[in-house]
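In each ligand, atom 1 is the first atom listed, and ligand 1 is the first ligand listed.
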Amino acid sequence: MAKSLNLHKKPFRYFIRKYASFFGWGMAFVFLTNFFDVITPVLLKQAIDQIREKAEVESLATTCFLFFVCLAFVALFRYFWRIYFGRFHHSVADDLRNQIFEKLTELSPSFFQKKTVGQIMSLVTNDVNSFRMAIGPGILILMDGIILSALILPIMFYMNWQWTLQVLILLPFVPFVIQRVEKLVFERFKIQQDRYADMSGRAQEIISGVRVIKGFAQEKNQLGFFNQKSKTYENACNDVAFVDSAFHPIMEFTVAFGSVILLYVASPDVMRAEVTIGTMVAFQQFIQRMAWPMTAIGAGITFIQQGRASFKRIDDLLLEEPEVVDSGEKVIKDFESLEFHNLSFTYPGAKQEALKEVSFKINRGETLGLVGPVGAGKSTLIQVLTRLWQTPSNMVSVNGIPLNDISLISLRDLIAYVPQDAFLFSNTVADNIRFSLKDHITDESIKEMARSVRIHKEIEKVPGGYHAMLGERGVNLSGGQKQRLTIARALIKESPIIILDDSLSAVDSRTEKNIVEKIKEVSEGPEGYEPTIIIVSHRLATLKHADRIVVINDGKIDAIGSHDELVKQSETYKRLDQLQSGELPGGQGTQETPL
Ligand SMILES: Nc1ncnc2c1ncn2[C@@H]1O[C@H](COP(=O)(O)OP(=O)(O)O)[C@@H](O)[C@H]1O
Ligand SMILES: [Mg+2]
């Protein structure tokens, strides 16, 4: 915990310490590079002075050799600092991305309801990158600037302090000007990124919605719309270039200005032979080298400021507490019963209760149907049970133990839940079924399961069969096929409780009935493990053979009983039964009649 506290308060220090060896070596090489780089002008001065004094060829050769050695070291060490610093800041980015991702997996659905995918992606990509630029190149150039000026300035003052003061007159202003320029660059760059996201989002939507666009003959309009987005992006790029282009001219002008002053103030001294021409050349070289540290300090500070702002946004996410807390420690071994005790539930931020005083009990091995109109609260009930939302305390219990006292892993092992909207991963058919069990499952049992949910034959027809890739650039399945695959994925877990939340809405009613019967048959066979099954469906035919059916309406339980009992007791149920069996006008047989 102490470690993570440190991260939130002092992120730079935290990561530097964590990856100290990369950082340390990087810094050492920066120092060595600068050290040898600063020696070269001194050697140049020596060479020129030796030429003037018509020195021995040998001593000139020694100077040349030293010069060569210095240059070689500079090249070598510069290569190494790039390698080590690169490793350092890329490790930091990788670490941070993983921490963000770990947090995202912890957070509850309520968090994802508050944020768009675009916002989260921007955090993982842009903000992580901006922090990386701060802790890597930002700190690096700042340190580089400081080390280099700390090495150069004393030499310059030592050689000729009067010249130094005059030629460097502009230098102190450079960091401020550069910092201003860079700040503007960042601000505009942010706008450029947003516009880019906007444009690519638009492009994506046009590509995904191409059938709708063509169907409505909207190609021209959409093209115009896209062109407009592309143009605003182009303008944003130009705005960045407008300020970014000032960077090099400012640096070059400072050097040129310093050189002109040098020429002006140093020439008389050289002509009077008070100072050698070699010193003047060395000065010229130092002026050139000093422009970079000043620029680097300005730019480095801005990088770090931007990185801090980005880290703040990342940190807000890292500090986000999951709404559903895994504080329970109890583990359920054998499922016996599940009970709702006057469960009322309101979604965070919602005005009305989605569930009102729901009470009923399910025992092991029972098959329970759940029916009710759209928006009645069926899915909410299931999601509260699976703790995708925070369950009010003491309102739901398993084996008599309050839900919140049971560890989340144990609870979710207990339940195989098939959500209402079938979601498949861009993976093979077999891997989608095997999903939660990784490699323990043989291909044969995957096929067996596919047969149970009546999809085996259809998979065999797909090119690649069980090894066909699904999703983008893969095979696309129909809604009903997707639903059956997600059911197979849940059933193969062999959990004590199976919940199908309207998971068969896109298959025809006969297949739905067959699948439900098959589930019961398999589970009740000699090797059956007697699961408890909760089926949410709007088709009564499917639920007719359930042990009990719960009719839910407007968040409240309307009635509970077997089919025969409900026909007598519940008006809603009776009406629905008549509609679906075609006895009432407007009925469509046993098919898709909404309540
Ligand atoms: N994530 C949510 N946030 C806020 N309200 C929700 C959310 N999901 C569903 N609701 C509301 O809760 C009520 C019950 O919805 P739901 O359980 O999905 O109904 P059903 O599954 O019976 O069709 C509806 O009024 C719906 O608008
Ligand atoms: Mg629902």
(request) Determine, step by step, whether Lys312 and Asp315 satisfy the side-chain contact (heavy atoms from CB on, under 4.5 Å) criterion, reporting the C-alpha distance in whole Å, the side-chain angles of both residues, the deciding distance to 0.1 Å, and the verdict. (result) CA-CA 5 Å; Lys312 173 85 186 60; Asp315 200 36; 5.6 Å; no
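- Closer than 4.0 angstrom to ligand 1 sit non-hydrogen atoms from Gln113, Tyr347, Ala354, Pro373, Val374, Gly375, Ala376, Gly377, Lys378, Ser379, Thr380, Trp389.
- No side-chain donor-acceptor contact under 3.5 Å links Glu102 and Asn98.
- Taking the ring axis of Tyr233 as reference, the NZ or CZ atom of Lys229 does not stay both within 45° of it and closer than 6.0 Å to the ring centre.
- Annotation: side chain of Val124 is in contact with side chain of Arg97 (closest heavy-atom distance under 4.5 Å).
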(request) Go through the steps for Glu106 and Phe111 under the test side-chain contact (heavy atoms from CB on, under 4.5 Å), then give the verdict. (result) CA-CA 10 Å; Glu106 256 174 45; Phe111 171 80; over 6 Å; no
(request) Assess whether side-chain contact (heavy atoms from CB on, under 4.5 Å) is satisfied between Leu385 and Leu338, documenting all intermediate values. (result) CA-CA 9 Å; Leu385 169 64; Leu338 166 71; 3.4 Å; yes
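- Below 30°, between 30° and 60°, or above 60°: for Phe425 and Phe435 the angle between ring planes is below 30°, a parallel geometry.
- With 3.5 Å as the limit, one finds a donor-acceptor pair spanning the side chains of Asp501 and Ser379.
- Between Tyr466 and Asp443, the closest side-chain pair of non-hydrogen atoms is not below 4.5 Å.
- Neighbours of the Mg ion (ligand 2) restricted to protein N, O or S atoms under 2.8 Å: the count is 2.
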